[in-house]
Structure formats: C-alpha cells, structure tokens
2 protein chains.
Amino acid sequence: MTTNHRPSTPSRRAPRGSAAAARTVPSAGGGAPAGGRAARGSARDKLIAAAHQTVRRKGYAATTVDEICTVAGVTKGAFFHHFASKDALAVAAAEGWTERARPMFELPPHTKLEDPLDRLLGHIDFRLAMLEGPVEDFTCFVGTMVQEAYATSPAIRTACEASITAYCEALAPDIEAAIARHGISHGVGAMSLARHIQAVLQGAFIMAKTTDDPAIARDSVTHLKRYILMLFGRG
Amino acid sequence: MTTNHRPSTPSRRAPRGSAAAARTVPSAGGGAPAGGRAARGSARDKLIAAAHQTVRRKGYAATTVDEICTVAGVTKGAFFHHFASKDALAVAAAEGWTERARPMFELPPHTKLEDPLDRLLGHIDFRLAMLEGPVEDFTCFVGTMVQEAYATSPAIRTACEASITAYCEALAPDIEAAIARHGISHGVGAMSLARHIQAVLQGAFIMAKTTDDPAIARDSVTHLKRYILMLFGRG
DNA sequence: ATCTACATACCGACTGGTTGGTATGTTGTC
DNA sequence: GACAACATACCAACCAGTCGGTATGTAGAT
C-alpha cells in the first residue's frame with residue numbers, strides 16, 4: 001500500500017471512549033485543561049497503540065508506517081503531523097509502554113498485601129497468569145524493539161532502557177523491603193534481583209515465540225518463582 | 001546500494017582456511033568425493049557467516065541481501081544461486097548456527113570432568129565467560145531472528161526452534177545424570193531446567209542490548225548459577 | 001591427450017513494487 | 001480568521017528478486 005486511502009473503519013469518529021484496549025496511555029501533555037471528550041486529538045494515542053500491537057507481532061523494521069496508520073485508523077498525514085519520523089514514533093511508543101505498564105503495580109489485589117515478599121510473589125504470579133493466549137498479546141514491546149535498534153538507533157535504545165529501568169525500579173522497593181524483613185541468601189541486591197526478574201521474563205517471551213507455546217514461558221517463570229522462594233528461605 | 005559492484009575484499013580467493021571464525025559449518029552436501037581445498041564453492045558458507053554477523057547487529061528485516069553479499073565478499077548472483085530467497089538463507093543460517101554451537105559441548109576442558117554436575121556448572125561458567133566485549137559478538141542469532149519471524153514465517157520459526165531445541169537436548173544428558181547422582185529439589189526435570197537455562201541466556205542478551213552493558217547479562221547468569229547450585233543442594 | 005557437451009559457480013545491470021517522507025489541500029475549533 | 005488536526009496525492013530512494021552472460025571444472029567419446 002503506497003498511498004493511504006481512508007481506512008475502512010466503520011465509524012471513524014467513535015461515539016466515545018472506544019479503543020478501550022489502549023486507553024491506559026494518557027494525553028502525555030500535562031493536565032487536561034477542561035473538556036470531556038478528546039475526540040479529535042486522539043490520533044497520536046491510536047498510533048502509539050497500533051505500534052505496540054504491530055511491532056510486537058512483526059518486529060520494528062518489518063512494520064511499515066502505512067501499516068501502523070491502517071491499524072490506527074488514520075492516514076499518513078496524521079502520522080507525520082504528530083511524529084517527525086518512524087523512529088520518533090518508536091521513542092514515543094517506548095515511553096507510552098512505560099505508562100501502559102504502570103497500572104500493573106497499583107491495580108491488582110496483591111499490591112495491597114501487607115508483607116512485601118507476598119507482594120513480590122503476587123507480582124510473579126500475576127506475570128505468570130499473563131502468559132496465556134496468543135504470544136503477541138503478552139510479549140514486551142520495548143524488549144522486541146530494542147533487539148533491532150540497539151546498535152542502529154541510540155535514541156530508541158535509550159528510550160527502551162528507560163522503560164525497562166522504570167519497571168525494575170518499580171519492583172525494587174518491595175524487594176528491598178522483603179530483604180529488610182526476611183533477609184536474603186548470598187547478599188543478593190534488590191535491583192540485581194529486579195533486573196534478573198526482567199531478564200527471565202524477556203527470555204521466557206523468546207522461548208514462547210520460538211516454540212509458539214506459552215507453556216514453555218510459564219515453566220521458566222515457575223523456575224524464577226522457585227529461585228526467589230529459595231533466596232528468601234522458603235524453599 | 002542497488003547494484004552490487006565487486007566488493008573491495010583485498011584478495012577474493014583467500015589463500016586457504018581464512019574466515020576461520022565461521023569454519024565450523026560443513027559443506028552441507030554429503031561426503032566430499034575427494035579434493036583438498038574448497039576454494040570455489042565457499043560462497044555459501046561465507047554468506048551464512050555474513051548473515052550471522054549482520055543479523056545479530058541489525059536484526060533480520062533491517063539486513064538487506066546486498067549488505068549480506070558485501071560482508072560475505074560475493075555478489076547477488078552468487079546469493080541467489082545458492083539460496084532461493086532471503087528467507088531460504090535465514091533457514092540455512094539457523095541450521096548453520098546449530099553446527100557452530102556444537103563445539104561448545106565438546107571442546108572446552110570442563111566437558112571432560114567426571115561429575116555431570118561439574119560439567120553443567122562448567123558450562124554455565126563457560127557461557128558466563130563469553131559475555132564480554134561487543135554485544136553483537138556474544139548474542140544469539142536464532143534468538144534474534146525468531147523475534148521478527150515467529151508470526152510471519154513458519155519456516156524460519158521452525159528452523160530457529162530446531163536450533164534451540166538442539167541446544168537444550170545437548171545440555172539435558174548432563175543434567176539428567178547430575179539429577180541421578182545428586183538428586184534435585186522439587187522434582188525439577190532435566191529438559192525443563194535446560195530450557196530455563198536457555199531462557200535466562202536469551203533474557204540476558206536482551207538486557208545487555210538494552211543497557212549496552214554485558215555486566216548486566218553476567219549478573220543474571222550468576223543468578224542462574226546460584227539457582228542451579230541451590231537446586232542441587234549446594235546453596 | 002584432446003575435443004565436445006554439459007554442469008556448476010558466479011557476475012552485475014536491470015526491474016517492479018515498496019517505503020519513509022513531503023507538499024498541499026480541507027475541516028473543525030477557539 | 002488563524003491555527004491545529006487531520007486527509008490526499010505524490011516522490012525519490014531502496015530492495016528483493018531476475019536474467020543474460022562468463023568462468024571454471026568434468027565426464028565421455030575418439
């Protein structure tokens with residue numbers, strides 16, 4: 001598709017609050033001054049959500065700007081109105097991914113448990129439960145993208161690093177508190193363990209992609225959970 | 001580069017046995033009838049080695065056929081003489097990757113240790129020692145490629161799966177023997193642990209790419225080694 | 001031994017479709 | 001009416017794959 005005709009979305013201006021799947025991404029500005037419906041200025045968020053979806057399936061380089069536009073239901077004019085280049089969208093989408101992951105540390109029930117170790121184990125169980133259905137629905141956008149861009153685009157690599165670091169830093173306080181309360185073997189550090197958790201998840205995603213089977217990924221995360229239990233003397 | 005001029009390799013017909021880094025890939029035919037030097041029929045192997053090198057740096061989709069040819073020091077004519085398509089090269093390169101990894105299980109000193117657990121731990125240490133220098137020199141070709149191709153090319157996905165499965169199956173016998181001799185906690189299975197080892201390595205590669213720092217990867221593999229030690233009651 | 005017939009290995013200009021990006025027009029809003 | 005938020009038309013570069021041709025071997029007949 002070279003030119004980009006109006007995409008065949010049945011009703012372009014959705015009634016209100018549609019595109020629910022990707023609504024977690026905020027306006028990325030500051031405080032919305034007033035007004036209820038965003039309506040017209042929604043192309044940016046839709047493009048970012050479309051990038052998340054498409055890149056996770058096909059990778060970054062294989063994903064074309066036209067395709068992102070089609071999935072988002074907008075035209076190329078809208079794309080280059082909001083983003084200076086494909087790479088600029090990638091950077092914005094990496095930032096958007098961080099926002100999209102944030103509720104994971106606040107919403108689920110386990111985040112209210114009293115013992116920080118229980119919160120940590122609850123998080124692992126939560127990630128474990130996510131590993132179901134189509135592979136492209138639970139894999140990591142930034143993990144996928146950084147593989148292709150780490151050596152060719154410093155801006156994208158840095159944006160992906162920021163997203164992954166944010167995840168680890170969101171995880172670290174509970175680990176820190178769990179260490180303080182329960183102690184840990186071998187003097188393992190909180191950030192070190194947080195990064196290892198992230199690494200196992202990323203590796204589990206690759207194994208799931210390779211075998212086209214989420215069960216392989218779940219098995220690996222189960223090993224991870226066992227390791228954490230053993231570190232805290234609950235083996 | 002659209003047209004493909006003769007690449008600027010100083011002497012095209014290498015004296016003998018150059019390209020040593022990728023020599024592990026055999027002729028892929030059957031029994032070589034006679035003859036000593038391969039010389040003329042070396043384009044295929046050089047293209048596969050070039051694919052390993054380039055794809056690990058830039059990813060599969062971003063790597064062009066022209067670029068692979070340039071790195072290999074051959075022309076496009078040679079490329080399409082040996083491979084029907086870019087995807088066909090990818091499949092062959094995945095098979096070549098398995099061959100290239102095979103010596104890892106035979107050559108290093110630790111493979112001759114008497115205790116299978118020592119051999120396993122020696123392998124982890126070996127992988128740990130590999131995590132140095134430029135990221136693109138120690139990362140996994142099939143792990144990188146499958147991320148981009150798992151949903152779009154069944155042939156490539158299957159070839160990558162075969163390579164990773166071969167790695168796990170090469171690792172499993174020692175794990176099995178170690179379990180038989182030393183016992184293991186929680187009834188962990190040999191293939192399950194082998195796949196987890198592979199997952200942690202793949203995850204460590206992604207973390208190294210993200211941070212552009214092999215130390216992060218080493219830290220994760222150190223966690224893995226500690227987990228294995230604990231499983232075998234040597235925590 | 002040499003010549004014919006054929007096969008394999010390789011070269012490089014060319015092509016048609018694709019892709020990121022641009023230039024310009026249109027519509028809604030303050 | 002001015003400005004933001006789009007839409008449409010278009011382009012130059014790029015890229016996988018093609019194709020006619022050449023160089024090098026090799027097997028069989030004479």
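Convention: sequence-line order gives letters A, B, ...; per-chain numbering from 1. All of these numbers come straight from a predicted model, not from anything done at the bench.
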Exercise. Between A:T144 and A:K209, does a side chain to side chain donor-acceptor pair (under 3.5 Å) hold up when you go through it step by step?
Worked result: CA-CA 11 Å; A:T144 300; A:K209 286 174 183 170; 3.1 Å; yes
Seminar exercise, completed: Between A:S85 and B:G77, whichever has its closest DNA chain C nucleotide further toward 5' is B:G77
Return all side-chain donor-acceptor pairs below 3.5 angstrom for residues 129-138 of chain B, not counting sequence neighbours, or 'none' if the list is empty.
unit_1: B:E136; atom_1: OE2; unit_2: B:R57; atom_2: NH1; d: 3.2

Picking from [options], which would you name as closest to the side chain of [X]?
X	options	result
A:H82	D:dA7, C:dC11, D:dC6	D:dC6
B:V65	D:dA16, C:dC11, D:dA7	D:dA16
A:T64	C:dA9, C:dG20, D:dA7	C:dG20
A:A78	D:dA7, C:dG12, D:dG17	D:dA7

Return the value, rounded to whole Å, for the distance between atom [atom1] of [X] and atom [atom2] of [N].
X	N	atom1	atom2	value
A:F83	C:dG20	CZ	P	15 Å
B:I68	D:dA16	CD1	P	8 Å
A:D66	D:dA9	CG	P	14 Å
B:F79	D:dC19	CZ	P	17 Å
A:F80	C:dG20	CZ	P	7 Å
A:K46	D:dA5	NZ	C1'	12 Å
B:H81	C:dC11	NE2	P	11 Å
B:E67	D:dG17	CD	C1'	17 Å

Exercise. So do A:Q202 and A:I164 actually touch side chain to side chain, heavy atoms under 4.5 Å?
Worked result: yes
For this session: Please examine the side chains of A:I124 and A:I197, heavy atoms only from C-beta on, and report whether any two atoms are closer than 4.5 Å.
Result: yes
Problem set entry | Contacts of type side-chain contact (heavy atoms from CB on, under 4.5 Å), residue A:K86, not counting sequence neighbours | A:Y60, A:V65
Exercise. At under 4.0 Å, does any side-chain N or O of A:K86 touch on OP1 or OP2 of C:dG20?
Worked result: yes
For this session: Please confirm whether any donor atom in the side chain of A:K76 sits under 3.5 Å from an acceptor in the base of D:dA7, or the reverse.
Result: no
